[in-house]
Amino acid sequence: MTESTIEIQLTNASKAKEGFGDDYSAHLPEPTKTRFAKYGIDISKGYPERPSKIPIFLDEAYMIRDAKDPNFVLRGIDADPDKKALFAKAQEVNNLTKHIGTEIVGLQLSDLNEQELDELALLVSERIVVFFRNQDLSPQTQLEIGEFFGTVEKNPVAAQVPGYPGITTIWGKFLRQKRVPNFKKVFGIWHTDLDFEFRATSFSHLHLDTIPLQNGAGGDTAWVSGYAAFDKLSTPLQKFLEGKYAIHRSNQRLFDRDDILSGPKHVERDHPIVITHPITGWKALFVNRSNTTKIMGLEPAESQMILNYLFDVLEKNLDIQVRFNWTVPQQDRMLGASAIWDNRVCNHYAIADYDDQQDQRHGTRVVSLSDPLVYIEGSKSQREALGLD
């Protein structure tokens, strides 16, 4: 009997093309082109750019940022609680809801010094998401702000701004170019950015440089407070969840080098279900419907029942959510708008109620990493710490 050999040629499971293989620059909106030209972003080879070598195997992905950063500096921990320097530069500081969301009017992010950025880190940690309209912000400065907040995540798969691997492209028309628009189909889901990372994704900074024009409507983003969601739970359920861990998985899938024929698998990490925020010291619920798959130590049916309840607490309580309208009339369409949020204590949802083909939205995102998430026994919830109960 003769032996036969089977040859398998693998490519990355996401089917993403490396480098400029997914060039879509011909469709780039004019406001984005203007921003890129002003700040020297070279798109002559194409746009966007992906990494030149996209991982194929799980072990390659697990090796990326698989340890604490010894040089990490926790921003906001020693900032002025009153944030006097930051607020002095603003014309207005408006809390959009009681629990979550603040808009700062009349300052440019590019003008903030390190003291003011430190105070901003504290404000975002407390208010979860902070908004800035009419921003003249270069991609390079956006990256520098992210580097101040922590180690910038450089995604090994995602589309990026050419020459700047820490700046991810957020562009619905590019991401959904092969999908036929269908009002009946839901495109979004509540999620946390990159929660499969070993180190926590702390601050995400999304800067939209092209904003939908639909007369003040379309393309909103919603956020929900993990602090307030934890406070919604009964005391017995809070105590049950404290100290337990859940599995979070990646969107992308890769092959197990030792078991290729089983097909691609997700990167998985475990994080505490209840975390203690390293700056505020408040407890928060840390799960999301998109990426949290199971509670460790429970039977599958038990885990799914509890997770579904926790997802509902986050998603159905409008009093702990904020919805930001990017398209208000006072937004200058030749300038951008920024949202900076703390992934450790929120979920968010991009509402795709606009036409990618006719009324585009384009942005760049920088995500900063901090230390791994922890739960500290004896820490207080937000309501306990602020004396709201």
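FYI, the numbering just counts along the sequence from 1.
The neighbour count for K294 NZ, taken as heavy atoms of other residues, nucleotides or ligands under 6.0 Å away, does not exceed 12. In this structure, E377 places its CD atom where only 12 or fewer heavy-atom neighbours from other residues, nucleotides or ligands lie under 6.0 Å away. With a 6.0 Å radius and a threshold of 12 heavy atoms from other residues, nucleotides or ligands, M334 has its CE atom above the threshold. For NZ of K154, the number of neighbouring non-hydrogen atoms (other residues, nucleotides, ligands) closer than 6.0 Å is 12 at most. Atom CG of D78 sits in a sparse spot, with 12 or fewer heavy atoms from other residues, nucleotides or ligands closer than 6.0 Å. Within 6.0 Å of NZ on K239 lie no more than 12 heavy atoms contributed by other residues, nucleotides or ligands.
Proximity of T169 to L175: side-chain heavy atoms (C-beta onward) are nowhere separated by under 4.5 Å. Put simply, the side chain of K265 does not reach to within 4.5 Å of the side chain of L254, judged on heavy atoms. Counting heavy atoms from C-beta outward, V367 and L194 have side chains that approach closer than 4.5 Å.
In summary, K232 and D319 engage in a salt bridge, as defined by a charged side-chain N under 4.0 Å from a carboxylate O. A salt bridge links K283 to E242: at least one charged side-chain nitrogen sits closer than 4.0 Å to a carboxylate oxygen. R199 has no carboxylate O lying under 4.0 Å from a charged side-chain N of D371, or vice versa, which leaves the two without a salt bridge. Electrostatic pairing of R269 and E197 does not count as a salt bridge here, judged by no charged N lying under 4.0 Å from a carboxylate O. With respect to the salt-bridge test (charged N to carboxylate O, under 4.0 angstrom), the residues E126 and K83 qualify. With salt bridges taken as basic N to acidic carboxylate O contacts below 4.0 Å, none links K53 and E18. For R35 and D136, the salt-bridge test fails: no basic side-chain N is under 4.0 Å from an acidic carboxylate O.
The only option from L208, N325, N134 that meets the side chain to side chain contact (heavy atoms under 4.5 Å, CB included) definition with Q331 turns out to be N134.
Here the closest heavy-atom approach between residue L96 and residue V322 is recorded as CB-CG2, 4.0 Å.
Under a cutoff of 6.0 Å and an axis angle of 45°, R289 and F311 do not form a cation-pi pair. Taking the ring axis of F203 as reference, the NZ or CZ atom of R344 stays within 45° of it and closer than 6.0 Å to the ring centre.
Side-chain contact annotation: Y227 with T280, donor-acceptor N/O pair under 3.5 Å present. Between the side chains of E153 and S368, no donor-acceptor pair is found at a separation under 3.5 Å. For the 3.5 Å distance criterion, the side chains of H248 and D195 qualify, holding a donor opposite an acceptor.
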- Message: Run the salt bridge (charged side-chain N to carboxylate O under 4.0 Å, His left out) test on R257 and D59 for me, step by step, so that the C-alpha distance in whole Å, both residues' side-chain angles and the decisive distance to 0.1 Å come before the verdict.
- Response: CA-CA 8 Å; R257 195 183 297 271; D59 57 350; 2.9 Å; yes

- Item | L307 vs V287, side-chain contact (heavy atoms from CB on, under 4.5 Å): CA-CA, chis, key distance, verdict | CA-CA 8 Å; L307 283 177; V287 296; 4.1 Å; yes

- Decide yes or no on side-chain contact (heavy atoms from CB on, under 4.5 Å) for W341 and N343, but give the supporting numbers first. CA-CA 6 Å; W341 66 91; N343 285 290; 3.2 Å; yes

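The aromatic ring centroids of H362 and Y47 lie less than 6.0 Å from each other. Taking the centre of each ring, W190 and H348 stay at or above the 6.0 Å mark. Between F324 and F131, the ring center distance clears the sub-6.0 Å criterion.
Ring planes of W171 and F174: parallel class, angle under 30° (limits at 30 and 60°). Using cut-offs of 30° and 60° for the angle between ring planes, the F286 and H271 rings count as perpendicular.
A chain of hydrophobic side-chain contacts below 4.5 Å, direct or via other Ile, Leu, Val, Met, Phe, Trp or Tyr residues, connects L241 to L298.
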